[in-house]
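These values consider heavy atoms only, across backbone and side chains, with no hydrogens, waters or symmetry-generated copies. If you read the sequence from its start, that first residue is 1, and numbering goes on from there. Please read all numbers here as calculations on a predicted model, not as lab measurements.
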Amino acid sequence: MRVQCTPLPDGGRMLTYTPVTDIVRFSDELRVLRDALENVQDGVLLLDSDLNASFMNRRMRRFWEVSEEEAAGRPAYASLVRRMHRASAPDLPPSELARFPARRVEEVKAGDHVRDLQTPDGRRIRAHCTTMSNGGRMLTYVDITDLTQKAKMLETLATTDPLTGLFNRRHFLESLDAEWSRFQRYYRSVSVLMLDIDHFKSVNDRYGHAVGDAAIKTVAAACLDGKRKSDIVGRLGGEEFAVLLPETSLSRARTVAERIRKRVMSSYVAAHKIQFGVTVSIGIAEASVSMSGIDALMAAADHALYQAKAEGRNRCIAWSPPPPASKAAE
């Protein structure tokens, strides 16, 4: 009970008794809830309908570098997002940084959404915005840096050859399939190189698999050095590599292939006190409308590769379709 004593003009007193059990209980519950929000690991920011901060927990005060006294002054959300060295959109160009705070305020005004943010030190933050019944907003900030890094690691493991760091066979074929779709839709040229290390079996037999692995890595490095920025290099398996050349005609593909072949020929394998040179044979093929799909394109490049092997190795051969069969004499 809350007792209030009021003096009366005649010198007496008036006492009023008000039940406040529910008020006290709700106040205690609110205090417990506030203490819980204050100490959770995630950042919590409550904004009123004017987007002023009515509450920010300890995590958010640290994030925004706001003192308890400043937080009690209910700063505007717009003033918080304009603070330097906080978070912005991931991989945002420097020229866009100045415009980001205003865009962020508009996002929060618009209501419910999820936005990933990135801090200057590279941490990734996921912000959830929820519209409250009073017209305000609740923002929660969760540090997902570890999850993001693990996702990138898993993606790397799924798409990369562990020995060379090149793309693996599966990812290379997925990339080729995407380029094939563009070729069919827009008739943009696409070519493929198939490479094979010459006399690789004799390298393994003579020096062992460790030196053979060193030879594979040397060729992989030469392929990366000789390719263009848009080209994709993959290791298909063993000593076999492939290069995807988007929007590239056969003549331009020959130039890239010859550059890679010369890069390999000028490289030296150095491992276990052994140093020697290697060469590669390269088959070249350009997509044509007569081909049924990427398997036919790869088969054409592979056919040209075997022709390069048969003609003496260490050379580039371009595939050409066989001439049409002549009609049999009637």
Side-chain angles (χ1 to χ4, degrees), residues 29-156 158-159 175 178 182 185-186 229-230 232 246-247:
E29 291 175 354
L30 183 60
R31 186 178 299 109
V32 171
L33 177 60
R34 191 181 185 92
D35 288 344
L37 291 175
E38 179 72 11
N39 293 286
V40 294
Q41 291 299 307
D42 300 332
V44 179
L45 175 65
L46 300 181
L47 304 175
D48 61 22
S49 57
D50 295 323
L51 299 189
N52 296 319
S54 57
F55 171 80
M56 63 177 76
N57 68 352
R58 181 181 293 111
R59 186 85 172 193
M60 286 310 303
R61 294 196 301 272
R62 289 176 180 171
F63 180 77
W64 294 116
E65 296 181 353
V66 172
S67 66
E68 289 190 48
E69 293 75 16
E70 189 177 358
R74 302 170 68 93
Y77 178 67
S79 71
L80 296 174
V81 295
R82 288 191 179 94
R83 288 176 175 247
M84 298 296 293
H85 309 302
R86 293 298 88 206
S88 61
D91 305 317
L92 192 67
S95 59
E96 296 290 325
L97 286 174
R99 288 191 285 269
F100 178 76
R103 295 211 316 263
R104 183 71 186 124
V105 171
E106 291 303 316
E107 286 179 346
V108 173
K109 282 182 180 179
D112 297 2
H113 67 274
V114 178
R115 148 74 80 172
D116 280 1
L117 304 168
Q118 184 170 309
T119 62
D121 60 1
R123 290 184 299 120
R124 187 64 65 91
I125 307 294
R126 179 156 294 166
H128 292 254
C129 177
T130 305
T131 303
M132 309 295 287
S133 59
N134 65 354
R137 304 288 186 268
M138 180 176 72
L139 298 176
T140 57
Y141 291 70
V142 182
D143 192 325
I144 59 169
T145 305
D146 289 344
L147 292 176
T148 304
Q149 291 175 344
K150 288 177 181 177
K152 288 182 178 179
M153 185 184 303
L154 290 174
E155 182 181 1
T156 299
T159 61
S175 301
R182 278 186 280 273
R185 182 175 301 177
Y186 305 113
K229 186 176 181 180
S230 60
I232 295 175
E247 300 188 23

**Asked** Can any side-chain N or O of R82 pair as donor or acceptor with the backbone N or O of A78 at less than 3.5 Å?
**Response** yes

**Request:** Measure from the side-chain N and O atoms of D143 to the backbone N and O of T145, and report whether any donor-acceptor pair falls under 3.5 Å.
**Result:** yes

**Asked** Heavy-atom distance under 4.5 Å between the side chains of K109 and E106, does that happen here?
**Response** yes

**Request:** Measure from the side-chain N and O atoms of D42 to the backbone N and O of V142, and report whether any donor-acceptor pair falls under 3.5 Å.
**Result:** no

**Asked** Is atom CD of E107 surrounded by more than 12 heavy atoms (other residues, nucleotides or ligands) closer than 6.0 Å?
**Response** yes

**Message:** Quick check: closest heavy atoms across C129 and L139, and the distance to 0.1 Å?
**Reply:** CB-CD2, 3.3 Å

**Fill in**
Heavy-atom nearest pair, R137 first then G111, reads NE-CA, 3.8 Å

**Complete:** Tightest non-hydrogen contact, residues R103 and E96, listed as NH1-OE1, 3.6 Å

**Fill in**
Shortest non-hydrogen pair, S79 vs A76, comes out as OG-O, 2.6 Å

**I144: which of R123, K150, R126 passes side chain to side chain contact (heavy atoms under 4.5 Å, CB included)** = R126

**Asked** Which pair of non-hydrogen atoms, one from S49 and one from N134, has the smallest distance, and what is that distance?
**Response** CB-O, 4.0 Å

**Prompt:** Can you list the steps and then say if M56 with F63 is a side chain to side chain contact (heavy atoms under 4.5 Å, CB included)?
**Reply:** CA-CA 10 Å; M56 63 177 76; F63 180 77; over 6 Å; no

**Message:** Which heavy atom of S88 sits nearest to which heavy atom of F100, and what is that distance?
**Reply:** CA-CE2, 3.5 Å

**Request:** Under the side chain to side chain contact (heavy atoms under 4.5 Å, CB included) rule, what do R61 and S67 come out as? Steps first, then yes or no, please.
**Result:** CA-CA 7 Å; R61 294 196 301 272; S67 66; over 6 Å; no

